[in-house]
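Here the structure comes first, spelled out in structure tokens, and everything after it is commentary.
Values in this document were obtained by computation on a predicted structure and should not be read as measured data. In what follows, chains carry the letters A, B, and so on, assigned in the order in which the sequence lines appear, proteins first and then strands, with residues in each chain numbered from 1.
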2 protein chains.
Amino acid sequence: MASDALNERKRIILRAVTDDYISSAEPVGSRTIARKYNLGLSPATIRNEMADLEEEGYLQQPHTSAGRIPSDQGYRYYVDSLLAHKTLSPQDLIEIHREMERRQLGMEELLQQAGKILAQLTRYPAMISTPQQQKVSFRHVQLVPLNEKNVMVVVITDTGMVENQILPTEVEWTYDELDRISKWINHRLRGITLEELTGKRWNEIRLDIEIEDHNFHHALGILLDALANSRRDRVYLDGAANILEQPEFREVERFKPLMGLFETEDVLRKLLKPNDKGVTIRIGYENEQEAIKECSVVTANYRIGDNAVGVVGVLGPTRMDYGKILAIVEYMSKYLGKLLTDVGNK
Amino acid sequence: MASDALNERKRIILRAVTDDYISSAEPVGSRTIARKYNLGLSPATIRNEMADLEEEGYLQQPHTSAGRIPSDQGYRYYVDSLLAHKTLSPQDLIEIHREMERRQLGMEELLQQAGKILAQLTRYPAMISTPQQQKVSFRHVQLVPLNEKNVMVVVITDTGMVENQILPTEVEWTYDELDRISKWINHRLRGITLEELTGKRWNEIRLDIEIEDHNFHHALGILLDALANSRRDRVYLDGAANILEQPEFREVERFKPLMGLFETEDVLRKLLKPNDKGVTIRIGYENEQEAIKECSVVTANYRIGDNAVGVVGVLGPTRMDYGKILAIVEYMSKYLGKLLTDVGNK
DNA sequence: ATTAGCACTCAACACCAACGAGTGCTAATC
DNA sequence: GATTAGCACTCGTTGGTGTTGAGTGCTAAT
């Protein structure tokens with residue numbers, strides 16, 4: 001609050017308190033600061049400064065005779081103004097590259113693998129959303145008969161993603177008829193984006209289809225609906241168990257809401273909304289979801305070519321090593337984007 | 001141990017103790033039994049019988065002055081010889097049918113939905129494995145160019161399952177060439193099972209391919225390897241958070257191993273091995289996995305036509321309501337099999 | 001064979017004192 | 001005027017103690 005003009009000494013103390021609390025998970029007192037970080041100040045002075053910092057909302061006290069811990073506002077200041085930019089250690093880099101390029105991985109596998117590495121490196125749960133498909137275009141569509149009343153539609157996109165849907169129809173189709181239609185659709189749709197397809201362009205195509213094959217017209221309408229509503233946007237979660245190592249979740253009661261969140265893909269997807277900044281840190285109360293009001297989420301967009309945007313992220317207690325996590329998440333998002341661009345693009 | 005010839009009174013008492021413990025999660029004493037279940041016996045008599053039951057291994061005492069709880073052996077006897085066969089309530093049946101048939105679901109979605117319902121109804125974590133594909137046959141194969149060095153292979157099976165793999169190749173393929181080859185492969189492979197394909201039949205086909213297209217011969221070998229090693233066999237897990245409601249997991253430490261297990265699909269798959277009996281109950285130490293030595297797993301096969309066999313299952317503390325869980329799991333396996341047979345088969 | 005009676009065990013709970021980390025304030029010091 | 005030493009005070013944590021009560025095993029009476 002107030003003005004964010006903390007004088008240098010306050011900044012140093014706030015950083016010291018935060019660093020210490022991040023690594024110890026215990027409220028930190030003036031003595032500790034004076035001893036561990038030799039600031040050339042006595043505990044008493046530090047106490048006074050800490051009292052000020054508390055008044056201004058950067059620190060808080062769990063109870064009267066305890067040390068201080070950073071408030072959400074404190075973390076925010078720490079992240080915005082005090083954080084030293086860390087870079088990944090060479091071992092970590094090697095580790096990442098080796099694990100990601102071990103064998104030829106498909107898109108889904110690559111995302112999963114990235115999540116696994118992210119979880120391993122950060123020791124927190126990691127999440128990765130599949131790229132938003134709005135700008136993604138068709139590469140191939142294939143219709144296959146399934147039974148009297150249903151046709152299976154398989155769609156392969158630009159980015160190497162494979163989706164399938166069951167499509168109810170009114171008449172029974174033979175394999176060859178559907179193959180012919182697939183051919184035609186491919187010819188007509190290849191390179192068109194999903195966005196265009198649900199938009200005005202659909203009307204033109206719709207007419208063509210009606211001419212081309214009357215029977216299929218209705219069914220294809222359903223296909224597009226289905227594609228629009230389909231759960232194409234997935235989220236992969238890895239290392240959820242990691243969070244249990246954090247002392248803030250020693251009580252099952254604290255963990256339950258999180259577990260609920262982990263199980264609801266919709267909610268995870270909301271956490272991983274792409275946004276215009278490269279990297280985003282949401283701290284405690286800055287998160288919408290009640291379940292993670294005491295957690296922080298670090299996310300970064302990744303880009304496949306310039307078509308699709310997905311998000312990688314890590315979740316931990318607000319008391320997280322922001323410097324380290326930031327570096328890892330940022331690097332992974334860039335690297336993953338690069339790999340996926342190579343795989344998917346022509 | 002000994003002979004499993006418990007006299008009627010011991011059986012009654014063992015059942016009473018087990019029932020009571022299942023619903024209360026507290027060690028149960030002789031007084032409680034005498035009061036709640038009017039067996040016409042005094043606490044003292046019951047005490048004597050319980051002491052015997054303990055000696056024979058059916059009951060155990062957490063500590064000297066506590067009541068008794070069933071041992072794994074006790075649960076085993078209970079399940080084998082004391083369990084009254086429950087059937088599902090009409091509401092549950094209606095619930096299941098409504099939720100499963102709400103809209104046209106694909107195979108994966110149907111499995112996920114079944115898992116969700118199972119978790120809801122049992123209030124335990126539910127797991128469902130995708131059907132083993134050995135006896136499953138190709139319905140359609142499609143090759144699509146991805147970039148200079150890679151081709152994407154999409155395989156649709158008999159049972160409506162869609163799998164995709166990236167296939168590295170040496171030359172660059174055009175869309176039309178690949179389509180021609182797809183056609184040929186389809187013509188050649190349709191209806192052949194994966195099993196046959198990795199077996200002797202492969203050699204015949206291999207020759208044909210060599211003749212048909214020399215360039216593609218090598219690549220297709222890789223495809224088959226890939227298919228053989230691919231993670232086609234998935235496990236869907238739902239309601240993992242449910243287990244946290246159980247008092248035996250109030251301590252995070254108790255829950256950690258389970259959480260690890262939930263995150264390792266390989267292990268879950270091992271839990272869901274199809275077997276010749278319809279329904280299987282594994283109690284406590286009967287489970288191989290260290291993490292669930294204090295849990296029981298109830299599984300049942302489901303069948304798609306007579307091609308493929310998958311497994312549905314539920315995991316809970318050994319103190320679970322076996323009667324209820326058994327009924328639910330059994331019903332769901334049958335019903336799911338029926339639905340999937342309808343969807344997948346011609 | 002059953003059961004009433006009784007002494008005994010032991011986890012759980014409440015209570016209490018001692019401890020110590022940490023604070024805020026005041027007065028002395030630089 | 002800023003810094004710091006000193007000190008009284010707060011409050012969660014730890015460990016010891018006594019009480020309670022559910023439950024047992026054994027013995028003797030029914």
Side-chain angles (χ1 to χ4, degrees), chain A residues 6-14 16-21 23-71 74 247-248 250-251 254, chain B residues 6-14 16-21 23-71 74 247-248 250-251 254:
Chain A
L6 292 182
N7 64 40
E8 193 53 24
R9 197 165 73 183
K10 284 212 175 63
R11 288 165 52 87
I12 290 174
I13 290 175
L14 179 54
V17 172
T18 309
D19 283 340
D20 206 76
Y21 183 61
S23 69
S24 75
E26 297 290 333
V28 20
S30 53
R31 263 189 83 83
T32 316
I33 300 283
R35 220 183 321 113
K36 279 210 231 172
Y37 308 77
N38 28 10
L39 312 180
L41 294 171
S42 77
T45 310
I46 294 172
R47 270 205 293 284
N48 288 328
E49 295 289 35
M50 295 206 310
D52 287 0
L53 282 168
E54 181 171 0
E55 196 148 327
E56 293 169 65
Y58 296 98
L59 293 180
Q60 56 193 40
Q61 238 178 339
H63 56 87
T64 322
S65 70
R68 302 304 208 292
I69 66 178
S71 65
E248 20 276 278
R250 220 168 313 157
E251 303 288 327
R254 301 233 150 238
Chain B
L6 293 182
N7 65 39
E8 193 52 24
R9 197 165 73 184
K10 284 211 175 62
R11 286 164 54 87
I12 290 174
I13 291 175
L14 179 54
V17 171
T18 310
D19 282 341
D20 205 78
Y21 184 61
S23 69
S24 75
E26 296 291 332
V28 17
S30 52
R31 262 189 86 83
T32 317
I33 300 284
R35 218 181 324 111
K36 278 210 233 173
Y37 308 76
N38 28 10
L39 312 180
L41 294 171
S42 75
T45 311
I46 294 171
R47 269 206 293 286
N48 288 327
E49 295 289 35
M50 294 206 312
D52 287 359
L53 282 168
E54 181 171 1
E55 196 149 326
E56 294 169 65
Y58 296 98
L59 293 180
Q60 56 192 41
Q61 239 179 336
H63 57 86
T64 321
S65 69
R68 301 304 208 294
I69 65 177
S71 64
E248 21 276 277
R250 219 168 313 157
E251 303 289 327
R254 300 231 151 241

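- In this structure, the side chains of A:Asp20 and A:Lys36 come closer than 4.5 Å at one or more pairs of heavy atoms.
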Annotated protein contacts, base or backbone, on nucleotides 8-20 of chain C with a non-hydrogen cut-off under 4.0 Å, one of B, S, - each:
-BBS---------
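- Not a single donor-acceptor pair under 3.5 Å links the side chain of B:Ser30 to the backbone N or O of B:Ile46.
- With the nearest nucleotide of DNA chain C identified for both A:Ala66 and B:Gly40, B:Gly40 has the one nearer the 5' end.
- Checking C:dT3, C:dG24, C:dG22 against every side-chain atom of A:Arg31, the shortest atom distance belongs to C:dG22.
- In this structure the side chain of A:Leu41 never reaches within 4.5 angstrom of the side chain of A:Ile33, judged on heavy atoms.
- The CD atom of A:Glu26 sits 19 Å away from the P atom of D:dC11 (whole-angstrom rounding).
- With rounding to whole Å, B:Leu53 atom CG is found 15 Å from D:dT24 atom C1'.
- In this structure, A:Arg11 places its CZ atom where more than 12 heavy-atom neighbours from other residues, nucleotides or ligands lie under 6.0 Å away.
- To the nearest angstrom, C1' of D:dA28 lies 14 Å from CG of B:Asn48.
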How does DNA chain D read in dot-bracket, base by base from 5' to 3', with Watson-Crick or G-U pairs under 3.5 Å and | used when the partner is on another strand?
||||||||||||||||||||||||||||||
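- Proximity of B:Arg35 to the phosphate of D:dA22: no side-chain N or O atom is located under 4.0 Å from OP1 or OP2.
- One interatomic measurement links the two molecules: CZ of A:Arg9 to C1' of D:dG1, which rounds to 12 Å at whole-angstrom precision.
- The shortest side-chain heavy-atom distance between A:Thr45 and A:Arg9 falls under the 4.5 Å cut-off.
- In this structure, B:Ile46 places its CD1 atom 12 Å from P of C:dT2, rounding to the nearest Å.
- Taking atom CG on B:Asp52 and atom P on D:dG25, their separation rounds to 10 Å, with Å as the unit.
- Side-chain contact between A:Tyr37 and A:Asp19 is present, with heavy atoms from C-beta onward closer than 4.5 Å.
- In the set D:dG6, C:dT3, C:dG22, D:dG6 carries the atom at the smallest distance from any side-chain atom of A:Arg47.
- Atom CG in A:Leu39 sits roughly 15 Å away from atom C1' in D:dT4 (whole-Å rounding).
- Checked options A:Glu55, A:Glu49, A:Glu54; the residue passing with A:Arg68 is A:Glu54 (criterion: salt bridge (charged side-chain N to carboxylate O under 4.0 Å, His left out)).
- The shortest distance between the side-chain N/O atoms of B:Thr32 and the OP1/OP2 oxygens of D:dA22 is not below 4.0 Å.
- The side-chain contact (heavy atoms from CB on, under 4.5 Å) with B:Val17 is formed by just one residue from the set B:Val28, B:Ile69, B:Leu53, B:Thr32; it is B:Val28.
- The CD atom of B:Gln61 sits 11 Å away from the P atom of D:dG23 (whole-angstrom rounding).
- Put simply, the side chain of B:Tyr58 reaches to within 4.5 Å of the side chain of B:Leu6, judged on heavy atoms.
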